[in-house]
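Basis for what follows: all heavy atoms, side chains included, without hydrogens, waters or symmetry-related copies.
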Amino acid sequence: MYSYSIIQWMFFFYFYSFVGWCIESSYVSIRTRELTNRGFMRGPFLPIYGSGAIMMLVVSMPFQDNIVMTYAAGCVGATVLEYVTGVVMEALFQVRYWDYSDKPFNFQGHVCLGTTLSWGFLTILMTEAVHVPVERMVLSISGETLTLVTFVLTGLLFADFALSFKAAMDLRNVLIRMEQVKEEMVHIQKRLDAIFSQAGHDMAARRTALTESVTAAGEGMAMHIEDVKNAIESRLDAFKHTMLSKPLEYRESVREELMELKEKYAVSLESRKRLSGLKDFFLKGLIRSNPYMTSRRYKESLEEVKRSADRKAEEDGE
């Protein structure tokens, strides 16, 4: 049975969080072919790995003489931890930091059979090999030194976590607002289609520059606001001949509404552009550190934000 002090348990948590960060960052850096500071936090720590390591030690304690039960306990404990963490993070941030939806025998994308089986083997490796020299190292450190180091690490991690948590909440708010702006743009497009239909245009003519720009906005803001304004102005000019057959009062009311919709669209487009700009350091870091993050509800907006972060990184030479 493990018999550690609170300080020692905390140090083990920090140590394995750091080791997990090293492994994860190396793996993702190799996969993406660029240096990646992996994880939720900005510092070199991945708490999910630290939590997983502590969980493996705790659940295996009653079965240290039974390797089969140690394996089973590791499978169950780690899977429960991974599932609960994934559900809570998605509920809070509207983003998944890992997603097994494309893996066979997955449950809600948060866990899958392959990782569950792997957790069991990792638990055996952890308890039988990895933790033995780590335990020896930690127990060799004087109590005063270990306490000092642990308290310093605690302060640093709490500060990092607080800023990273704020960045994750900011990202959630950005995605929500971008989705609202998108809905506003789609509403404007539908209203314009209705106006053009009432004016007697056929369906082809009603596929205006505005409709195209709504799609472009979802694909990365390809059109500038001035382009949109000019396109709508040209469409208004083309409207003249059709509108000549309409009463003057009707023509003026339609023109006024079109101009109002044009301005609303320009504001919405600028708002979406600004939201995806990512000026906050921790928010940019969060996006760059999690290239595989997904969002079921805000998929399009998240992809736009990720493209914006990549462009910003290229401009800054990162």
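Side-chain atoms of D160 and F45, non-hydrogen and from C-beta on, never get closer than 4.5 Å to each other. Using a 4.5 Å heavy-atom cutoff, the side chains of T85 and W98 are in contact. Residues L139 and Q8 meet the side-chain proximity criterion, which asks for heavy atoms closer than 4.5 Å. At least one side-chain heavy atom of R96 sits under 4.5 Å from a side-chain heavy atom of H110. Side-chain contact between L175 and V95: present, with at least one pair of heavy atoms (C-beta onward) separated by less than 4.5 Å. A heavy-atom distance below 4.5 Å is found between the side chains of E82 and T115. Using a 4.5 Å cut-off on side-chain heavy atoms (C-beta onward), F151 and I7 make contact. In this structure, the side chains of V19 and Y49 stay at 4.5 Å or more apart for every pair of heavy atoms.
In this structure a side-chain-to-backbone donor-acceptor pair under 3.5 Å is missing from S60 to T70. Side-chain N or O atoms of T127 include one that pairs as donor or acceptor with a backbone N or O of I124 at under 3.5 Å. Y71 places a side-chain N or O within donor-acceptor distance of the main-chain N or O of L117, the cut-off being under 3.5 Å.
In the displayed structure, F63 atom CZ is contacted under 6.0 Å by more than 12 heavy atoms of other residues, nucleotides or ligands. Counting non-hydrogen atoms of neighbouring residues, nucleotides and ligands closer than 6.0 angstrom, the CG atom of D65 reaches no more than 12 such neighbours.
A distance of 13.5 Å separates CE of M169 from OG of S164, quoted to the nearest 0.5 Å. Between T147 atom OG1 and M10 atom CE the span is 9.5 Å, to the nearest 0.5 Å.
The only member of F107, Y100, W119 that meets ring pair (Phe, Tyr, Trp, His ring centres under 6.0 Å) when paired with Y83 is F107.
Counting only N and O atoms by type, the side chains of Y298 and Q94 include no donor and acceptor under 3.5 Å apart.
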